[in-house]
Amino acid sequence: MPDAAGTGHRAAPRLFVHEPDALAGAAARWLAEALARAIAEGGRATIALAGGTTPRPVYEALTGQLAARVAWDRVHVYFGDERAVAPDDPASNYRMARETLLDRVPIPPAQVHRMEAERADRAAAADAYAGLLPGRLEVLVLGMGPDGHTVSLFPRSTAMDEQERRVLPVIGPKAPAARLTITPPVIAAAREVVVIAAGADKAAAAARAIDGVWAPRDVPIQLARRGTWFLDRAAAAALGSPRG
Ligand code: 6PG
């Protein structure tokens, strides 16, 4: 049966499992290559960044020697989700990305498109962002929660049923609760999806996402099953067959 989001759930992920101290560098190398490839093929690269804490060292690793591999003036940056806080708030995904990456590479500020989730009218902010997003992101970076959520698509939330609107305001169970998030069609349309997760608390969700029955409404990160996954050993510990 084809899945509603059109994500090709029978496709197996490309899986890379690393020691914890090697994960960020490996994911950053993959990102630099994906951006360089998109620029070589199409003259520009669009990327949506993940929030949370896991990407911090990945983004930082992209600012080192790897930064020279990317023509940053050809990169257009978007976000997969954002918390309803000011852009300088410590909980802001934009602030995290700016501090770890965007302020440290020569990317034109006009090419960084933050989600204005702090706006009083979050529905209008969501619609405005949907208008900014390209039809197809070249690279979509995703994190994963222990409950299997990704971006701010939480298990069994109505946002998981969305097939038309590309960005929605949501109230999630993870603080800060009010957020904007991309929806399943945006994940389905992305050319390259990369999942980066670390830690034992992610192991069960990773196993359900990769080895479990197809049930993205219960395990939203399954929408990325066809993608490239970077896990540390702890996050990969519950996967069904030996990998490494
Ligand atoms: C957010 C997210 C969220 C995050 C995961 C993993 O804004 O909260 O984008 O989906 O990626 O919850 O978060 P950690 O990397 O902090 O574990």
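Just so you know, ligand 1 is whichever comes first in the structure, and atom 1 is the first atom listed for that ligand. This structure is a prediction, so every number in the text was calculated from the model and none was measured.
Lys174 NZ, 3.8 Å is the protein heavy atom nearest to atom 4 (C) of ligand 1. In this structure, the protein non-hydrogen atom closest to atom 17 (O) of ligand 1 is Lys202 NZ, 2.7 Å. At the top of the distance list for atom 6 (C) of ligand 1, counting protein heavy atoms only, stands Met144 O, 3.4 Å. Protein heavy atom in closest approach to atom 5 (C) of ligand 1: His149 NE2, 3.4 Å.
Panel note: side chain Glu82, backbone Tyr94; a donor-acceptor pair is recorded below 3.5 Å.
Heavy-atom contacts of Gly143 reach the following atoms of ligand 1: 11 (O) (cutoff under 4.0 Å). The atoms of ligand 1 that sit less than 4.0 Å from any heavy atom of Arg179 are 1 (C), 7 (O), 8 (O). Applying the 4.0 Å criterion to heavy atoms of Arg83 picks out, from ligand 1, the atoms 1 (C), 7 (O), 8 (O). Ligand-side atoms of ligand 1 in range of Asn93: 1 (C), 7 (O), range being under 4.0 angstrom from any heavy atom.
Taking any N or O of Ser152, backbone or side chain, none lies under 3.5 Å from an N or O belonging to ligand 1. Taking any N or O of Asp81, backbone or side chain, at least one lies under 3.5 Å from an N or O belonging to ligand 1. Geometrically, ligand 1 and Val151 share a nitrogen or oxygen pair separated by less than 3.5 Å.
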Discussion item. What verdict does the salt bridge (Lys or Arg N to Asp or Glu O under 4.0 Å) test give for Arg98 and Asp103, after you've listed the backbone C-alpha separation in whole Å, the side-chain angles of each residue and the deciding distance to 0.1 Å?
Written reply: CA-CA 5 Å; Arg98 192 168 49 73; Asp103 280 353; 3.0 Å; yes

Item to complete: Kindly determine whether Arg69 and Glu33 satisfy salt bridge (Lys or Arg N to Asp or Glu O under 4.0 Å), including the steps that lead there.
Response: CA-CA 8 Å; Arg69 294 200 200 165; Glu33 278 158 26; 3.5 Å; yes

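In this structure, His149 and Phe154 have tilted ring planes: the angle between them lies in the 30° to 60° band.
Taking a cutoff of 4.0 Å between a charged side-chain nitrogen and a carboxylate oxygen, Glu192 and Arg37 qualify as a salt bridge.
For the side chain to side chain donor-acceptor pair (under 3.5 Å) criterion with Ser152, the lone passing option out of Arg83, Arg179, Lys174 is Arg179.
For atom 15 (O) of ligand 1, the nearest non-hydrogen atom from the set Leu142, Ile221, Thr54 belongs to Thr54.
In this view, Asp161 and Arg217 satisfy the side-chain hydrogen bond (donor to acceptor under 3.5 Å, both in side chains) rule, not counting sequence neighbours.
The minimum heavy-atom distance linking Val186 with Leu137 is given by the pair CG1-CD1, 3.9 Å.
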